[in-house]
Amino acid sequence: MASIGDGSERQRIAQQRLRVLAGHLRRLGAEERPGVAAQECRAGPRTRRENVPAAPQDIMKWNGWGYADSKFFFNKKGQGEFTGKRYRLSGLILPSLKDWFEGTFGANLQHKSPAVPSLNTSAVAPPSLNEAFVEELKSTGIPFSHDTEDRVFRAHGHCLHEIFSLRDGRVGRCPDMVVWPNCHNDVVKIVELACKHSVCLIPYGGGTSVSSALECPPEETRSIVSLDTSQMNRILWIDEKNLTAHVEAGIIGQDLERLLNESGYCTGHEPDSMEFSSLGGWVATRASGMKKNIYGNIEDLVVHIKMVTPRGVIEKSCQGPRMSTGPDIHHFILGSEGTLGVVTEVTLKIRPIPEYQKYGSVVFPNFQQGVACLREVAKQRCAPASIRLMDNEQFQFGHALKPQVSSIFTSFLDGLKKFYITKFKGFDPHHLCVATLLFEGDREKVLQHEKLVYDIAAKFGGLAAGEDNGQRGYMLTFVIAYLRDLGMEYYVIGESFETSVPWDRWVLDLCRNVKERIVRECKEKGVQFPPLSTCRVTQTYDAGACVYFYFAFNYRGLSDPVHVYEQVEHAAREEILANGGSLSHHHGVGKLRKEWMQETISSVGLGMLKSVKDYLDPNNIFGNRNLL
Amino acid sequence: KDPVLKKRDDFEDILEERRNSSDLRYAFKCYTPVLYRGLTPCKAATLKSMVLQSEQLLHVINQVSAESGESTDVVKDEAAAILEEMAHRLQLRTIRFFAYTLSKAFKALYRSVCVNEEGIQRLQQAMQEHPVVLLPSHRSYMDFLMMSYILYTYDLSLPVIAAGMDFLGMKFVGEMLRMSGAFFIRRSFGGDQLYWAVFSEYVKTMLRKGYAPIEFFLEGTRSRTCKSLTPKLGLLNIVMEPFFKGEVFDVNLVPVSMSYERVLEESLYARELLGVPKPKESTSGLLKARKILSEDYGSMHVYFSPPVSVRSLAQGRINRSQFNLTPRHVAQKPSEETQAFVNDVAYRIVRLQQENMVVKPWVLVATLLLQSVEGMELTELMEQTSWLRDLARMFGAFLDWPGTRPLNSKVVLGGPVIRRLPVHIPIRQVEGPQGPETPEEALFNRAVSVLSCASYRNQVLHVFLRPALLAMALSNANSSRKEDIYSCFDFLRNVFSDEFILSPGASVQDFDEACHLLVKCGAVELLHQDVVMAESGRTVLSFLTLLLEPFLQGYQVVCRYLREEATENLTEKQFIPAVRSFAVKLHLSGSLKCYEVLSSDLQKNALNALIRLNVVRRDGLMSNQVAIVSSIHGMLIHSAFSLEN
């Protein structure tokens, strides 16, 4: 039923979209549409945007995560299914999803909480335009739009409260218009005009923020312009001698990777959001990639950055690999979250595509042992490209997403494995946990490396559990956001949040305390069913680890579920900070975690950042009010 | 807000079942306590090696070895020896043995041992959820035997108990206690870094692992006066630290109020306070003491208060991230904020203990008798007792009163305790039954009686304390203006805060509470900015003033001694005997009627108060000298006291 309804729904949206497009064409003239070759910016070959067009809402959900054609649903038989063709799970039946879903959340497939089918454009306040700005912008020829759907799509990231409101058909303050600069010079012009006419600019990359960073400050009285970098998506040059690539900052992760691959290279930077997030966004939030053990985080990858600020353009004069020239100005830009300017071009390190990739997994009798193993691996500095440790709840969750087995033989094998681990090895299925591994490099070295890691794991009681489990673990990170949309159809809301924390025992204690705090707070706030509160260690460092929490609960019976959710997340963050965790490892601060900034970096530190802001942007043109 | 409305649980007599069924079967019953859900099960021996291998201890060992030049192995051995001496060896066999013998003993000693079962249920719940710290009041050696006995009876996890090293002097018995869960700590180890490290790591390891509930006495030692003692913070600091550092989600503190109708050590205490040294703990002493088995110690009440979560207490008070910047194995000196917090918690717990102490009729009788040294007609006593009962009830006392009718003569006369209690002695002893005695002896004997009697009165002091301070302030303030009365109240409260449990910084709350109670009983009226005595308030106020009179007089005598007789080089050791003989002299000359000044407890408290108030100075730690500072402060105090006299 759901799929049929959905099909016609898509059709309807597409038709509506066409009408809107036609409107644009009339207004702007065909040559001004984004995506069409630009005027004077001809620095490099224009890349065709195959996956995300200029109007991303055409193929992406307007009120949920990711592609419109990919979603979980329960079919008539109550079996879970994932639609589309894009993922490994696509088109597969997931027989255990329902039981897990109902069992974990106390949810019921009879109790649905559907979203409003489409955006009611009349609910959105009309744009408040700065006419003088619009006039001058027109003369530059830079495409722009004040179409409602364009504005709404750029008014939010993917925090729970943002998506929840959209599903409810509620829209808060939106940008008043969207501009699509085509190159660095366009951005310079836009910023100049914004300063001249006192317009508020909010840079927009992939829109995957989970820190309320894209939310328009409701108190903003100026006209707000969303500066969408999606058209600045070219690789300007590749330097094979120095192994660097100079790229426009609007490029989306998967496009960057695909284009580099065509030349035999990669950046190796793979945040979980890489399908949708942009290079500029990574720089602006200090992003971290899954394979940072080999390639480094964004701050390690960046060689040169160009950023347009109200004060002018900031960049270094050379591409030396390291400099002793006072504090690194890159570090004012990295993590500035769009408060100082727009990152337009970035030079990144690139690597030849690895010859060989291999997934792997290890089962541990309990979380403690698993953490101890990860610690040892980090100590010996032999971490594979990626190593992650799921706790027991997440292990069970992963199992719920196992597709229907194709033959009796596989199911027999699965049974045998389970028997071996739980009965023969004596692992308690309610305590065991799994580490997923990804090795990369020369075939031979990978195999050596693999052996080394498995040997260490064995010392902590770990048993190798096969490539398939490993791969499923990584796949989970790409589909988990889709699962939240499924939950929201059935009164289940949730979110993930992360932190980084020193080794010793903090990792264990922090995980336990935060999980317990979540359970307690839910109970206190009147949540009727026990929440899902689970964590995993996703990155290891010499001195600590990155921990990711998933938290979700069934909100039936609550009058203001989002408020309850926010209170619990707030408490969880307090608990993280009290237990020695950081405010954020890679999601950033945005507006969601602003209140803790002073405590986190001291008031002097905050003053330092403020003075930089005051110098670069005295009139708060970049007025998204993140961070400070 | 109103303390009277406080709902308290009902009691069950646990001895009743013991009287009706086999003790042997009881001792061998199936014992399966519910366990802490985060428990990592381990044996007592594994526990020791865990402590010895802990980073915390190794860190200190390395430090000590670097400082002293000894090799780490030597220091390690030293640490192991300390731990060996300290550690308990809890085993069920010994518990069962105690379960049997104590059943016999308790049945002989007590008429009933009453426990609030709801408290037990709450405790059981708490024990599953979080590490639990049991904090009983400390009046008698019986306390911890009784605690373990009760927990065994209700099938709860047996606690490990911090006990003083003195018990180890008792051959055999010390080891028996060790096997029933006691671990032994030296009374003082101020500067010994290694000892402190072993000790704190031992306690913290047990707590973190959820090995067993940890039991210790906040008051540090048995109260010889039956008055709660100022809490000691060392162990409380230790058990809270794992929470501060995030090693456990929460720690539950459970105050336990143990009220005795008559304490086993009763007469020993009075003598000890008068300077007769405390008999050394020895096995033969214990055997000699078995004659007490033939005496009747009435009934006993044990009240388990609801668990207090350290996490909720710390909410908004402690910024736990302050512990993030040092590795956890490096011991940090607690910040001022933390110290103040721990101190507040300690006072709060002691007040909870007090609140749920059961007050028996004799306590009120003793209180009244102490106020009329000349004695009282029985009917008058009965009348006044029932008046006092109503007052106490109004002030929130937890009374155990036989029946609902007013105290009748049967209870007083037929009551098991009164006949033997020294309560009647102050009235009768004047004749001196043992023939001729020297004036000193007579004084001593009479002082024993008065101090014994006072130890009963002390059990109800916490109920009247705040109103009594206000009553005293009312009669001494310069005007009836609220500010004046408050400043007088605050002064008195400050002076007596070593004597009674008065939380630091809670002066305003205490004042409000006192006002509230006195208004409620009609003794005082609040008129705009004034606090005035009501017409009908005379009886209540004079009772309350008289209640604190002995303490006031005692402090005055101490002040007088320091002004008139003390020399420059008085050491703390000499101080007590010197004050005592000064007081004896005053007594014999007939110019002093108060006996409580002879109590070493009062003398020590007075000295501490004077030091705290900068009237007297301690010169150097080594010499323990007390120098007299004739500061303005000193004059102030003196004049204040003489004014009140």
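Predicted model, so just to flag it, every value in this text is computed and none were measured. Naming convention: chains lettered A, B, ... in sequence-line order (proteins, then strands); numbering from 1 in each chain.
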_Please determine whether salt bridge (charged side-chain N to carboxylate O under 4.0 Å, His left out) holds for the pair R208(B) and D509(A), giving the CA-CA distance in whole Å, both sets of side-chain angles, and the decisive distance to 0.1 Å._
CA-CA 11 Å; R208(B) 283 193 291 254; D509(A) 289 332; over 6 Å; no
*Within the side chain of R320(B), is there an N or O that forms a donor-acceptor pair under 3.5 Å with the backbone of G580(A)?*
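Side chain of R320(B) to backbone of G580(A), a donor-acceptor pair under 3.5 Å: no, none is there.
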_Contact origin within R517(A) toward chain B - heavy atom pairs under 4.5 Å_ =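 Both parts, backbone and side chain.
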_E599(A) versus chain B, the contacting section by heavy-atom distance below 4.5 Å_ =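 It is the side chain, since no backbone atom gets that close.
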Please report the interatomic distance [atom1]([X]) to [atom2]([Y]), rounded to the nearest 0.5 Å.
| X | Y | atom1 | atom2 | value |
| --- | --- | --- | --- | --- |
| N513(A) | F243(B) | CG | CZ | 8.5 Å |
| N324(B) | N579(A) | CG | CG | 7.5 Å |
| F249(B) | K515(A) | CZ | NZ | 13.0 Å |

*asked:* Looking at chain A, which one of N319(B), V248(B), L325(B) has the largest number of heavy-atom pairs inside 4.5 Å, strictly under?
replied: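 Among N319(B), V248(B), L325(B), the one with the most close pairs to chain A is V248(B).
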Mark yes when over 12 heavy atoms from residues, nucleotides or ligands other than [X] sit less than 6.0 Å from its [atom1]; otherwise mark no.
| X | atom1 | answer |
| --- | --- | --- |
| H563(A) | NE2 | no |
| R37(B) | CZ | yes |
| H329(B) | NE2 | yes |
| R348(B) | CZ | no |

*Is the shortest side-chain N to carboxylate O distance from D504(A) to K245(B) below 4.0 Å?*
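So D504(A) does not pair with K245(B) through a salt bridge.
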*Residues of residues 305-317 of chain B within contact distance of chain A, non-hydrogen under 4.5 Å*: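 Checking residues 305-317 of chain B against chain A gives R311(B), Q315(B).
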